[in-house]
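Notes for the one structure printed next.
All chains are named by letter (A, B, ...) in the order of the sequence lines, taking the proteins before the strands, and each is independently numbered beginning at 1. These numbers come from the heavy atoms of this one structure, side chains and all, not from hydrogens, waters or symmetry mates.
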Amino acid sequence: MAAECRFTFDGAPVAAAPGQSLAAALTAAGIRAFRTTATGAGRGVFCGMGVCQDCLVTVDGVPNRRACMTPAAAGMAVATQVAFPALDPAAAATAAPPARRIAPDVLVIGGGAAGLAAAAEAARAGAEVVLLDERRLAGGQYYKQPAGEAPALDAQQAAGAALVAEARAAGAELVGEAAIWGAFDGPLFLGEIGGAALVAAPRTAIVATGAYERPALVPGWTLPGVMTTGAAQTLWRSYRTLPGRRVAVAGSGPLNVQVALELARGGAEVALVAEAGPNPLLHPVPAARLLAAGPRLALQGVAMLAALARRGVALRHRSRLVAVEPAGGGLRAIVDGPGGRRAVVVDAVLMNEGFEPQNEILRLLGAAMDHDPAVGHLRCRRSERMETSVPGLYAAGDCAGLGGAPAAVAEGRIAGRAAAAAAGHGDTHDLYAFERARGRARRFQRALWALHDIRPRPAAVLDPAATLCRCEEVTVGAARAAMAAMQPGHAGSLKRLTRVGMGRCQGRYCGPVAARLVSEASGRPLDALSQFAPRVPVKPVTVGAILAAEQAMAAGDAGG
Amino acid sequence: MPAADLLVIGGGITGTAAAIRAAEAGARVRLIDAGVNAGSDANAGSLHVQLQSRFIRLFPEQAPNVEASLPLYLAAVREWERLEALWGPFDLVRKGGLMLAEGEEQLRFLEGKARREAARGLAVELLDRAALDRLAPWLGPQIVGAELCRDEGKLDPLAANARLKARAAALGVERVAGRVVALTAAAEAATADGARHRADRAVVAAAWGTGALLAAFGLAVPTRAEPLHMNITEPAGPAIGHLVQHAERSITLKQFGTGQIVIGGGWPAEARGPGRVPGVRAASLLGNVALAARLVPAIGGLRVIRTWAGMNTTADGKTILGPVPGAPAVTVAVPGDAGYTLGPLVGRIAAEVALGLPATEDPAPYGLARFSA
């Protein structure tokens, strides 16, 4: 087994386990603030999956590295990132990495449940398949694979490992640390593989980019130590790092319960789990529906609740987080519920109030969407074969609207077969088993969410002191003031007035809320075009990588 | 009774400035905006004064018109400074603009250009590499010299747009959403949704949409929308004070007060119809940013966080400003090349012309008689 390595943070030594991310190693060392903002606020791990851009650190003098996506390495000099890193004239030396051009039959974007299943099916049908995933290890947010050489933690990780092995055995090329940042008509995809530029012109493409978590937009949600439930789960499942010794969990849905239990089993003290939904024991009819729709998963859920209760963890229903405040070296999480207001002091506050689809690539390419008020986000219009309104472009799993991992696997298999067939490999006969599995999974999901509450909070109830845009540090109150003065008719106008959504995360967290603010003020219902217009790049991309892609395109054009 | 004394068609920087000037003079103003948000709302905030090489190359037949208008650009930058002092901050910085040369031939071109500009009153000078090293040590090694125009600058267009719109609102300017499809000599406008708006006078500040509205008056005003591409990086420490351009190639590069580097300068975007925001082209993104990285290698480690596309308006290179021949109630305000730089001044003068007030600058050279059939 590889040995522990050591690096420094602001000059002080920090130990890291093999494969551990910088974010995990720093968290294990009790370091929570990784960067300072323009107003001098501290920020740390928030999304844990490369989306929020808040865990930026400077590594060996190079700023803007995401600690959650960067593995620790021996001898690294890691430093707190300042708000305005100096321009580095030496950056020119590293400005032009090599480029790779690919043109597979099927390009799969995202290596989670849907993407792995799609890659396996398409490759088995005989198609040349390349799967790109931004993390070093495929598996995605549901299967979260262990870093280093740790064995699978449980059946969920084992199932993920099996799906990875299946895709590989079928002949799909799985490429890690590969991110798409641009999608153009064609389709043409531009991205990065490791340090190299990527130019991809596939015959068909399957977008399987999953979802990210909807936070509780309360005062204090940007404090270091406040993170999404999924970020905490990644720290634990992938890196065996607890987000804190004592934690509180708030939001709605089974992920919160599962992670609370995992952390408790891992040695954390779970001070509180606040669930917005009702107690299922007091609502036997929807509970019975859930049991009927998926007895195995429903019983797993019951077992988790019982295990939490045995450990003495307080699960409070119809309760919501209302604020997080600094408290000594820790955080005070304040929760409102039927018993009134209560506060717990913890090291970390975990939050998940549902999910937002990562549909940026689909929207950029013009795939038609519909707003689904039940979950408060967009669903991608698809054929039975998972093809979007853009011919040759498929969408599978949660990026097309919340559906859960079992449905994502089924959709991935259907999309994989269909995309391969469209590229001239295999056919789309006998998809019945996948379609049945998808139908079952969807019925279970409907019953499941009836027992929770993941409708977004109305914009009207948000605290004016809460930060709306993490990147540009705009509060809800400032946005409301701009709206009162100028009556913007669209979220995009609010963006230009206040800078909400103009930062590194591309408006992923404030965008849906800005659209709701405008919708509630104007009375116009939310629709597929209510949000900020999608923009290239979908994730920040270095000028050097763009330079390399330009050289690769120019060379390719010259070669005919 | 008419709804307003003055109807302003177009709510970009020009129309907003016209509305402010008129309202300050006591007029009741109704401003109608189509909400395309692709013109001033998509601008990147360069304050241009020297002749843009891009323009001379693309539209050589219009270059004499632009050259004749150079004094107007100087006055326009002064107008921006006046507005910022009153209603800012807009992050306006006037440290000058550098037009880079990568070879002797480009340097000779800049020498000739600088002579012509100096004759029109611009503060321009040629810099060799040694002078550039003192002024802009972040430039690539292949740059042999540059023309410095001290009159040029940059500002944050988001701040400027928001603050000037707020100023107009505070003055009681009534802002109405709608796309004007017809206008009469009696200053009555019809919008696409069937609504009619009457006033005593009208200012047409409809950018690329102006030509279509003026056809009814027998004028052939060749306004066209030119979809252009822009990029912005994440923040860096302050280093680049100048507006950076190139003697031969399309580029503007500058650093905002936010620390972000904005790269644009005329790379094409994908037109999607006159009423829609244009789309981004991969080739423009790659070419524009790659060129920036060659000229200013120090930005190589920064990440681009957003690109967007907007519309520039072109006509014949010269500002179009004055009453419609035969329809004195209608005044036109379409700034010439670098419309965002000229917009506040042109809008202000148009309001003054429309209301019969003394004009800040003489509009006579920019009149519409040149478009009469």
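- Contacts of B/Ala282 with chain A are made by both backbone and side-chain atoms, with heavy-atom separations under 4.5 Å.
- If you measure heavy-atom distances from B/Trp138 to chain A, you find no contacts under 4.5 Å at all.
- Contact annotation for A/Gln487: neither backbone nor side-chain heavy atoms come within less than 4.5 Å of a heavy atom of chain B.
- At a 4.5 Å heavy-atom cutoff, the contact between A/Leu188 and chain B is made by side-chain atoms alone.
- The shortest non-hydrogen separation linking A/Leu87 to B/Ala236 is CD2-CB, 3.8 Å.
- Within the 3.5 Å criterion, the main-chain N or O of A/Val536 finds a donor-acceptor partner in the side chain of B/Thr307.
- Within 6.0 Å of the CZ atom in A/Arg65, the count of heavy atoms belonging to other residues, nucleotides or ligands does not exceed 12.
- Other residues, nucleotides and ligands contribute only 12 or fewer heavy atoms inside 6.0 Å of the CZ atom of A/Arg524.
- Of the listed residues (B/Thr258, B/Val280, B/Val277), the one with the most heavy-atom contacts under 4.5 Å to chain A is B/Thr258.
- In this structure, chain B has heavy atoms under 4.5 Å from both the backbone and the side chain of A/Leu497.
- By the 4.5 Å heavy-atom criterion applied to side chains, B/Arg281 and A/Phe184 are not counted as neighbours.
- Between B/Leu158 and A/Arg499 the shortest side-chain heavy-atom distance falls below 4.5 Å.
- Going from atom CD1 of A/Ile546 over to atom CD1 of B/Ile299 covers 9.0 Å, rounded to the nearest 0.5 Å.
- Distance SG/A/Cys471 to CD1/B/Ile305: 7.5 Å, rounded to 0.5 Å.
- Residue A/Ala482: no heavy atom, backbone or side chain, is found under 4.5 Å from chain B.
- Interface remark: B/Leu285 contributes backbone and side-chain atoms alike to the contact with chain A (heavy atom separation under 4.5 Å).
- For A/Thr498, no part sits under 4.5 Å from any heavy atom of chain B, backbone or side chain.
- Contact check for A/Pro540 versus B/Val304: no side-chain heavy atoms found under the 4.5 Å cut-off.
- Nearest heavy-atom pair across B/Pro235 and A/Pro85 is O-CD, 3.7 Å.
- Under the 4.5 Å side-chain criterion, counting only non-hydrogen atoms from C-beta, A/Ser493 is in contact with B/Asn37.
- Checking each of B/Leu291, B/Asn288, B/Leu286 against A/Glu550 for a side chain to side chain contact (heavy atoms under 4.5 Å, CB included) leaves exactly one that passes, namely B/Leu286.
- At a threshold of 4.5 Å between non-hydrogen side-chain atoms, the residues A/Thr542 and B/Leu302 do not count as touching.
- Contact check for A/Val543 versus B/Ile261: no side-chain heavy atoms found under the 4.5 Å cut-off.
- If you take CZ on A/Phe84 and CD on B/Gln255, they are separated by 9.5 Å, rounding to the nearest 0.5 Å.
- With a 4.5 angstrom heavy-atom cutoff, A/Val541 touches chain B via backbone and side-chain atoms both.
- B/Arg306 and A/Met502 get closest at one heavy-atom pair: NH1-O, 2.5 Å.
- Only the side chain of B/Gln260 has a heavy atom closer than 4.5 Å to any heavy atom of chain A.
- Put simply, of A/Gln53, A/Glu472, A/Lys495, the one with the most heavy-atom pairs under 4.5 Å next to chain B is A/Gln53.
- Within a 6.0 Å sphere centred on CZ of B/Arg179, heavy atoms belonging to other residues, nucleotides or ligands number 12 at most.
- Under the 4.5 Å side-chain criterion, counting only non-hydrogen atoms from C-beta, A/Leu547 is in contact with B/Arg294.
- A 4.5 Å side-chain heavy-atom check between B/Arg303 and A/Arg504 finds at least one atom pair inside the cut-off.
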